[in-house]
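Worksheet: the structure to be examined is printed underneath.
Please read all numbers here as calculations on a predicted model, not as lab measurements. Quick note on labels: first sequence line is chain A, next is B, and so on, each numbered from 1.
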Amino acid sequence: MEYNFREIEQKWQRRWAEDGTYKTTEDASKQKFYVLNMFPYPSGAGLHVGHPLGYIASDIYARAKRLQGYNVLNPMGYDAYGLPAEQYAIQTGQHPEVTTVANINRYREQLDKIGFCFDWDREVRTCDPQYYHWTQWAFQKMFASYFCNKTQKAHPIEQLIQHFEQQGTADLDVAQSESLCFTAEEWKAMDEKQQSDTLMNYRIAFLGETMVNWCPKLGTVLANDEVVEGVSVRGGYPVEQKKMRQWCLRVSAYAQRLLDGLETIDWSDSIKETQRNWIGRSEGAEVEFQIADSDETFTIFTTRADTMFGVTFMVLAPESELVEKVTTAEQKQAVDEYIKYVKGRTERERMIDHKVTGVFTGSYAINPFTGEKNPIWVSEYVLAGYGTGAIMAVPAHDSRDYAFAKHFDLPIIPLIEGADVSEESYDAKEGTVCNSPRPDVKPYIDFSLNGLSVKEAIAATKKYVKEAGIGRVKVNYRLRDAIFSRQRYWGEPFPVYYKNGIPQMIPEECLPIELPEVEKFLPTETGEPPLGNATVWAWDETNRKIVENSKIDNKTVFPIELYTMPGFAGSSAYYLRYMDPHNNQALLSPEAANYWQNVDLYVGGTEHATGHLIYSRFWNKFLFDLGISVKEEPFQKLINQGMIQGRSNFVYRVKDTNTFVSFDKKEGYEVTPIHVDVNIVSADVLDVEAFKQWRPEYNNAEFILNDEGKYICGWAVEKMSKSMFNVVNPDMIVEKFGADTLRLYEMFLGPVEQSKPWDTNGIDGCHRFLKKLWNFMMSDTTAEAPSKAELKALHTLIKKVTGDIEQFSYNTSVAAFMVCLNELTKLKSASKDVKETMTVLLAPFCPHLAEELWHQLGHETTVCDAPWPAFNEDYLKEDNVKMMVAFNGKARFPLEFPAGITPAEAEKAALENPQSAKWMEGFTVAKVIVVPGKMINVVLKK
RNA sequence: GCGCUUGUGGCGAAAUUGGUAGACGCGCCAGACUUAGGAUCUGGUACUUUACGGUGUGCAGGUUCGAGUCCUGUCAGGCGCACCA
């Protein structure tokens with residue numbers, strides 16, 4: 001009987017769907033295991049062979065875990081809100097929902113053909129009101145919370161209000177946009193609007209006036225991770241900085257917890273490091289400087305408190321509010337011109353060339369350690385958004401300050417013994433401090449750092465600064481608050497309306513607020529976001545429902561927020577929703593949360609390292625503070641699958657002709673390489689007839705073939721994309737070889753984590769293996785107990801596959817299957833036990849085939865519920881052991897010993913062997929090292 | 001510049017604690033069966049050498065009886081961050 005994969009795969013896919021084989025329910029008698037893939041954005045192009053790589057790996061893992069007795073949750077869904085559908089809508093008028101649903105259906109069809117064990121009953125779509133109900137709900141909870149630095153967690157905003165009523169801002173240690181100072185009386189005296197504005201300074205979801213990445217071409221703001229090198233990730237359009245009133249999430253409040261949490265999770269070092277980088281913790285000190293001839297002071301942040309004696313000037317960020325205050329009348333014109341120049345420079349220009357520019361303000365600051373007057377400058381190299389937007393410059397020990405000092409001819413004072421700063425600054429944090437204070441200068445204060453190491457000096461200075469009351473120890477983070485509004489249509493609407501300019505939350509019971517219909521998906525003529533086109537988008541406060549805009553009277557009917565939420569809103573807590581996807585009373589029930597806890601294994605690409613994976617962790621921590629999520633970290637183990645690149649093929653057109661020359665004959669011709677569809681090329685040999693049909697202009701193409709009469713194509717590894725004609729579609733592979741072959745081959749290609757080019761050529765080997773396996777399994781079966789040799793081959797496989805499952809080393813598992821099958825075929829094995837065990841081991845990799853074989857072997861139940869085979873070490877033990885006898889580390893000859901021989905006996909036998917005499921001639925034996933089961937090394941001396 | 005990561009045949013790649021480098025597959029070579037082969041099966045295949053042998057895991061050192069693996073330095077590719085004080 002032939003291996004008819006089409007019939008087998010169709011049959012079992014249908015049966016699994018009918019029987020609900022992969023439906024998962026909470027089962028307290030079993031240990032849970034939650035496997036999750038990053039859910040896809042359903043793009044119009046459909047899946048290519050690269051997309052399922054991670055899904056296959058996690059599917060194998062999920063299936064193996066189920067066989068090992070776990071209750072496995074393996075859901076799938078769609079990140080359905082996104083820009084491409086909206087752009088398509090703008091161009092064609094097609095509603096994004098229509099496009100999205102069509103794309104989802106196509107994805108589902110393609111996914112179904114590969115035989116995943118997803119529980120589709122738990123599918124979620126971020127654009128479904130039943131789903132975004134809880135996105136809106138979480139936003140409202142963040143609005144109603146603030147973050148306390150002492151408890152390091154979120155609390156209800158009412159607690160903060162109470163604090164204000166009792167003592168104003170006294171004794172307050174909370175996450176905030178800016179440091180405010182008012183008394184309880186002042187708080188009580190505020191009107192409603194003032195109180196609302198004040199609370200925005202503390203809420204976790206808040207309305208803030210911030211500099212945003214504005215993309216004029218897309219007509220929306222973008223998050224930092226959506227902008228690369230000054231252009232948008234999607235579309236590559238220029239992005240500029242603009243001050244706007246936006247919804248923001250106070251992600252920065254969680255910076256320390258986001259950092260600490262990394263220690264508890266099982267992620268790759270590189271991705272953890274990327275996150276640490278992104279969070280950017282730096283420990284330092286804030287020090288206050290008095291402005292000379294003025295009552296004003298200002299604060300700088302430094303990580304090099306030890307360099308206080310080397311400060312020769314101060315620098316303010318051009319955006320700093322201090323600039324105006326300190327600029328003298330004589331310098332005003334120069335400063336204004338400079339500010340104008342900086343504003344004219346785009347973010348991109350500033351990033352590309354680091355020009356040394358700046359201007360003197362005319363004022364001086366008094367160094368609290370030396371008493372010297374340091375000139376205050378303004379320069380674009382100081383960033384307004386980090387620290388205090390002001391620095392003390394120590395040119396001897398900071399390369400940027402050094403460049404600035406050299407350019408403007410400012411003094412440079414070295415502070416480390418032996419540091420040569422004539423050519424460049426000495427930035428290293430090591431060495432012995434000197435010149436602090438300088439020996440030739442009368443000390444200004446009774447404090448010296450001379451003779452200390454840099455580390456000691458930093459600590460000593462911090463201590464002094466704190467005690468003298470001129471500053472404080474401070475930790476700064478690079479992590480910014482997330483901008484949470486987008487000026488788009490296709491996203492979650494905010495459950496917010498505006499009552500006399502004060503944002504109000506739509507009552508929780510009225511959620512979800514559904515996305516309104518609009519005529520046009522573009523911004524309105526007045527520049528409002530697309531939701532400004534909606535005609536039914538007003539909140540009737542008394543009747544608690546959405547009504548026509550025409551009814552807005554700002555007494556009982558109010559306008560609703562026109563912004564929508566960004567892409568990461570819906571993807572931040574989707575893993576929680578899978579636990580209880582149909583619950584319309586809560587995001588999820590406490591029962592579901594307690595059973596499934598968090599994701600045990602998360603699989604996805606590295607591109608989300610600083611976006612989704614930060615936002616999700618933040619979101620989960622917030623829900624954890626609320627007691628909704630039961631684990632502090634959402635994803636315990638993370639595997640990042642590599643990208644599959646395309647392997648493009650080229651034909652070579654001879655210049656000015658319609659003649660194409662074979663790759664191996666093109667020497668001597670002037671040719672233009674042209675991308676050719678890889679689907680009409682097999683093993684780099686072009687299907688000439690198909691090529692003629694491919695494009696009308698090639699109908700009459702002529703070919704210069706090679707000596708074998710073939711047209712050979714050139715090739716290159718490139719990104720898999722339509723324009724390169726190198727997209728390989730999984731459906732085509734499934735059609736030709738079957739899903740099980742595709743699954744096996746994708747794993748056999750190499751380590752899951754590694755990026756690699758797709759090469760259809762190698763797939764034959766995997767397909768051949770399955771055919772051979774089929775023939776072996778379908779041959780006559782006996783009930784006889786397997787022989788020793790059979791058991792050895794089998795248990796070698798059990799050991800290898802069981803170990804590989806945990807390691808994600810599936811390429812070596814496939815190789816082990818091949819070796820095992822070869823062994824068993826040679827042994828003419830026909831034992832039913834052996835066949836059954838192999839079938840179970842195969843089930844995670846090739847579920848359709850395994851299921852068919854399982855039933856052919858006489859089982860009625862699904863192979864998914866079979867027990868995972870137990871490994872027995874005894875079967876691997878040999879009667880005889882071959883050990884290599886080596887002299888001075890060089891392997892010379894193998895020698896056979898009975899199993900269980902002692903090292904001493906082996907040593908004796910090796911030395912007495914006649915073959916050894918030849919090597920030992922003229923030498924004496926210095927020592928003998930026996931590596932049991934492997935090697936006997938005889939160390940010789942002259 | 002800083003951080004992470006990877007360098008092994010013609011190709012994709014294997015190699016528990018240092019212990020016969022190159023498993024397995026592709027490709028290639030030879031053979032078998034075939035009217036035929038882009039089917040199937042068998043054997044071979046790191047390089048070099050007629051052979052004995054010699055050389056081999058980016059490069060240069062080191063530790064060791066023994067190094068792909070450990071240490072030091074260095075080069076190259078990939079990724080991330082980047083005027084963060």
Side-chain angles (χ1 to χ4, degrees), chain A residues 228-229 268-278 280-282 284 300-304 307 315 317 350-351 353-356 379-383 385-394 397-401 403-404 427 476-479 606-607 609-610 640 642-643 682-685 687 710 744-745 748-751 753-766 768-769 771-772 775 799-800 803 807 809 811-819 822 882-894 926-941:
Chain A
V228 171
E229 288 178 3
S268 74
D269 286 342
S270 74
I271 211 147
K272 281 193 197 176
E273 200 55 36
T274 303
Q275 292 217 338
R276 280 191 202 105
N277 243 319
W278 192 259
R281 181 182 205 271
S282 74
I300 58 92
F301 174 74
T302 181
T303 53
R304 291 295 301 273
T307 58
V315 191
R350 274 178 79 163
M351 250 186 295
D353 71 312
H354 295 170
K355 263 194 243 167
V356 180
S379 174
E380 60 180 330
Y381 87 87
V382 173
L383 304 177
Y386 187 78
T388 60
I391 63 155
M392 59 178 211
V394 185
H397 302 292
D398 182 286
S399 51
R400 295 151 302 175
D401 297 345
F404 196 83
D427 291 15
N476 255 318
Y477 299 92
R478 204 189 69 99
L479 186 70
T606 42
E607 65 273 21
T610 52
N640 298 113
M643 283 228 286
S682 172
D684 290 336
V685 177
D687 181 337
K710 288 175 181 168
L744 208 60
Y745 184 56
F748 189 59
L749 223 44
E753 279 122 313
Q754 207 165 293
S755 288
K756 56 230 151 186
W758 176 263
D759 181 2
T760 307
N761 293 337
I763 202 167
D764 288 339
C766 288
R768 252 197 296 271
F769 162 71
K771 281 198 279 189
K772 283 191 229 173
N775 291 334
K799 187 183 183 186
K800 183 75 188 136
Q807 307 289 317
S809 168
N811 53 334
T812 56
S813 293
V814 178
F817 271 110
M818 292 174 176
V819 172
N822 255 330
K882 236 181 227 166
M883 279 197 261
M884 211 66 202
V885 183
F887 297 88
N888 281 348
K890 289 273 176 192
R892 298 299 176 181
F893 64 88
K927 63 175 162 174
V928 179
I929 299 153
V930 180
V931 184
K934 294 204 166 150
M935 178 161 308
I936 297 166
N937 199 340
V938 183
V939 183
L940 301 172
K941 253 194 328 200

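Distance noted for atom P between B:C81 and B:C29: 47 Å (whole Å). Straight-line distance between the C1' atoms of B:U57 and B:C70: roughly 16 Å, to the nearest whole Å. Nucleotides B:U17 and B:G1 place their C1' atoms 38 Å apart, quoted to the nearest Å. For the C1' atom pair drawn from B:G37 and B:A32, the interatomic distance equals 15 Å after rounding to whole Å.
In A:M643, the CE atom is not crowded: 12 or fewer heavy atoms of neighbouring residues, nucleotides or ligands sit closer than 6.0 Å.
Considering only heavy atoms from C-beta on, A:F301 comes within 4.5 Å of A:S282 through its side chain. By the 4.5 Å heavy-atom criterion applied to side chains, A:M818 and A:V814 are counted as neighbours. Within the 4.5 Å cutoff, the side chain of A:I936 has heavy atoms near those of the A:V928 side chain. With a 4.5 Å cut-off on side-chain heavy atoms, A:K800 and A:T812 count as touching.
Computed from coordinates, the A:N640 CG to B:C4 P distance equals 17 Å when rounded to whole Å. Between the CD1 atom of A:I929 and the P atom of B:U17 there is a distance of 20 Å, given to the nearest Å. A:E380 has its CD atom 11 Å from the P atom of B:C83, to the nearest Å. Atom CZ in A:R276 sits about 22 Å away from atom P in B:C79, given to the nearest Å. Rounded to whole angstrom, the span from the CG atom of A:L940 across to the P atom of B:U64 amounts to 18 Å.
Base-pair partner of B:G31: B:C41 (Watson-Crick or G-U wobble, both distances under 3.5 Å). Pairing of B:C47, defined by two Watson-Crick or G-U wobble distances under 3.5 Å, is identified with B:G54. Nucleotide B:G1 is matched to B:C81 when pairs are restricted to Watson-Crick or G-U wobble geometry with both distances under 3.5 angstrom.
Among the nucleotides B:U40, B:A85, B:C65, the one closest to any side-chain atom of A:S282 is B:A85. For A:I391, whose side chain is taken as the heavy atoms from C-beta onward, the closest listed nucleotide among B:G3, B:G19, B:A85 is B:A85. Closest approach to the A:K927 side chain among B:C65, B:C4, B:A85 is made by B:C65 (side chain taken as heavy atoms from C-beta onward). Set against B:U5, B:U20, B:A13, the side chain of A:Q754 has B:A13 as its closest nucleotide. Out of B:U5, B:A85, B:G66, the shortest distance to the side chain of A:N937 is found at B:G66. Between B:C4, B:C83, B:A85, one nucleotide has an atom nearer to the side chain of A:S270 than all others, and that is B:C4. Nearest to the side chain of A:L383, among B:C81, B:A85, B:C4, sits B:A85.
When heavy atoms are screened at a 4.0 angstrom cut-off, A:K799 is found touching base atoms of the nucleic acid. Residue A:P757 is out of contact with every strand shown, counting any heavy-atom pair closer than 4.0 Å. Counting non-hydrogen atoms under 4.0 angstrom, A:L749 reaches the backbone sugars and phosphates but no base. Across all strands shown, A:V938 has no heavy atoms under 4.0 Å from either base or sugar-phosphate atoms. Heavy atoms of A:N277 sit under 4.0 angstrom from at least one base atom.
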Write down the protein N/O and nucleotide N/O pairs, taken from nucleotides 23-30 of chain B, whose separation is under 3.5 Å; answer none if there are no such pairs.
unit_1, atom_1, unit_2, atom_2, d
B:C26, OP1, A:R768, NH2, 2.3

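Base orientation of B:G66: anti (glycosidic angle beyond 90° from 0).
In this structure, A:F769 and A:F817 have tilted ring planes: the angle between them lies in the 30° to 60° band.
Under 4.0 angstrom from either OP1 or OP2 of B:A85 there lies at least one side-chain N or O belonging to A:Y386. Here A:K771 reaches the OP1 or OP2 of B:U40: one of its side-chain N or O atoms lies under 4.0 Å away.
Centroid-to-centroid, the aromatic rings of A:Y745 and A:W758 come within less than 6.0 Å.
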